[in-house]
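Protein chains get the first letters and strands the later ones, always in sequence-line order, with residue 1 at the start of each.
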Amino acid sequence: MTPVEQTPFRFRIERRGVMRVPGVVFATRELLPQAAGDMALEQVANVAALPGIVRASYAMPDVHWGYGFPIGGVAATDVDAGGVISPGGVGFDISCGVRLLAADTDRGRFSPRLRTLMDILGDTIPRGVGRGGLWKLAGRSQMEKLLTGGAEYAVERGHGVPRDLVRCEDHGALPEADPSQVGQRAVDRGLQQVGSLGAGNHFLEVQAVDEVYDTDTAAAFGLRPGQVCVMIHCGSRGLGHQVCTDHVRVMDHSLRAYGISVPDRQLACAPVVSPPGRDYLGAMAAAANYGRANRQLLTQAARHAFATAAGVGLDLVYDVSHNTAKIETHDVDGVPRRLCVHRKGATLALPPGHPNLPEDLTEAGQPVLVPGTMGTASYVMVGTPENDAFLSACHGAGRVWSRHQALRRVRGEQLRGEMEAHGIAVRPSSWRGLAEETPDAYKDIDTVAAATEGAGLARLVVRLVPLGVVKG
DNA sequence: ATGTGC
């Protein structure tokens with residue numbers, strides 16, 4: 001698969017075979033997936049075969065191989081023209097996402113309290129595979145309230161302040177959630193996990209603003225040089241995973257009934273306007289709300305730790321989901337169409353003036369949160385009007401080594417030692433998990449962020465560097 | 001990503 005270079009930041013995969021639209025990869029030549037056996041670009045082409053897909057099958061600069069769809073992929077289908085929805089286009093970790101909190105202190109003033117803070121965070125942030133969370137729900141009926149209300153329900157129950165919700169995508173809750181489509185097994189897995197990081201690339205990081213590229217926009221986001229921040233990256237845990245599993249199975253069986261053929265079974269899908277499509281959309285939105293409530297609970301734990309360690313408060317800058325399918329209206333060939341926009345490892349990036357922005361960010365635009373790899377920088381970017389990918393941007397660095405490869409090359413104990421030697425406090429949940437997340441296993445985040453700006457997807461606002469990592 | 005896998 002060799003895409004054609006159109007600009008230094010935009011590559012095109014021409015239509016052929018069953019593709020209904022071309023593929024467009026926003027990347028530099030060096031960021032294109034190149035590892036032997038990495039099928040990400042083939043996946044971009046496969047996605048272009050989905051019924052109802054419009055304009056192009058897109059990939060962000062952090063694109064890499066995923067389940068059916070590439071991670072870092074964006075695909076929109078026309079809801080009113082037989083367009084499909086696919087669980088593989090959202091991913092197993094539904095509404096995995098990132099939130100950024102800004103502390104009312106700066107790096108120099110805070111540094112004497114950092115170690116104490118990290119110890120408290122290390123003791124109080126639930127993390128690791130299969131373990132429990134901060135908020136045990138009473139049973140299915142309370143779970144249904146959470147699946148409907150998302151972060152709003154968490155705040156209503158005292159886990160946060162109303163201002164938090166203003167700074168959450170969709171005010172913290174997708175309205176199309178249908179808890180009745182979340183199976184009992186998914187509910188059971190989720191009851192004990194609200195307020196937990198999970199594992200893999202999930203983390204809670206204490207960071208500092210290292211560089212400011214756009215002072216006015218940074219100020220509008222509440223960010224200034226040297227400021228201490230907290231970045232939380234987590235998803236919908238076992239509940240989201242089970243929702244994906246359950247609905248992939250249903251759609252795999254219903255493909256024939258809708259006369260859909262896809263080049264890869266992992267692209268199982270159904271028309272958005274069909275019982276399996278509607279059911280998945282409702283279950284996916286419910287799981288997304290679970291992910292948002294999860295980040296809200298972890299926010300409260302971070303606030304408690306900062307208050308205890310240093311008497312410092314934390315304000316929410318923004319919360320974005322980067323694994324979703326959402327019904328949005330966009331122009332296609334100059335005509336507004338209702339589209340089902342799949343963003344898998346890609347975030348929404350609203351430009352200045354967009355009606356869905358919180359009032360106090362209307363002039364500035366949406367904060368686009370781009371977490372780096374453990375021990376490396378992270379970025380806050382902002383949406384731009386010239387975004388050509390249904391207002392989507394990258395979601396992080398993007399893997400280049402498999403977990404298996406990382407384990408062969410790196411030892412967790414040694415990695416922690418190296419990070420501590422660089423002045424970054426590390427509180428891991430397992431040595432193996434730490435080794436799998438070695439920065440060497442990922443693309444360089446500085447390059448990815450620069451390519452995202454070069455492609456016109458979003459603009460750089462600030463660069464953050466880690467002071468301490470609580471690892472899932 | 002995931003009570004980690006054909």
Given the side-chain rings of Trp135(A) and Tyr290(A), with only the six-membered ring counted for Trp, is the space between their centroids under 6.0 Å?
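Not under 6.0 Å, so no.
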Would you say the rings of Tyr67(A) and Phe92(A) are close, in the sense that their centroids are separated by under 6.0 Å?
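Yes, the ring of Phe92(A) comes within the 6.0 Å limit of the ring of Tyr67(A), centre to centre.
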Evaluate the side-chain hydrogen bond (donor to acceptor under 3.5 Å, both in side chains) criterion for residues His395(A) and Asn323(A): first the C-alpha distance (whole Å), next the side-chain angles of each, then the deciding distance (0.1 Å), finally the verdict.
CA-CA 9 Å; His395(A) 86 306; Asn323(A) 282 7; 5.7 Å; no
Assign each of His202(A) and Glu436(A) to its nearest nucleotide of DNA chain B by heavy atoms, then name whichever residue's nucleotide is nearer the 5' end.
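Looking at the nearest nucleotide for each, His202(A) comes out on the 5' side.
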Under 4.0 Å between any heavy atoms, over every strand shown, what does [X] touch: base, sugar-phosphate, or nothing? Just pick one.
X: Gln193(A); value: sugar-phosphate
X: Arg237(A); value: sugar-phosphate
X: Gly240(A); value: nothing
X: Arg399(A); value: nothing
X: Gly235(A); value: nothing

Could you tell me how far apart [X] ([atom1]) and [N] ([atom2]) are, to the nearest whole angstrom?
X: Arg131(A); N: dT2(B); atom1: CZ; atom2: C1'; value: 14 Å
X: Arg403(A); N: dG5(B); atom1: CZ; atom2: P; value: 13 Å
X: Glu437(A); N: dT4(B); atom1: CD; atom2: P; value: 18 Å
X: Ile94(A); N: dT2(B); atom1: CD1; atom2: C1'; value: 12 Å
X: Arg127(A); N: dT4(B); atom1: CZ; atom2: P; value: 19 Å
X: Arg432(A); N: dG5(B); atom1: CZ; atom2: P; value: 11 Å
X: Gln242(A); N: dT4(B); atom1: CD; atom2: P; value: 12 Å
X: Phe92(A); N: dG5(B); atom1: CZ; atom2: C1'; value: 13 Å

Any luck finding a side-chain donor-acceptor pair between His330(A) and Glu328(A) under 3.5 Å?
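Side-chain D/A pair, His330(A) to Glu328(A): present.
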Any side-chain donor paired with an acceptor under 3.5 Å for Tyr58(A) and Asp388(A)?
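Looking only at side-chain atoms, Asp388(A) and Tyr58(A) do not form any donor-acceptor pair under 3.5 Å.
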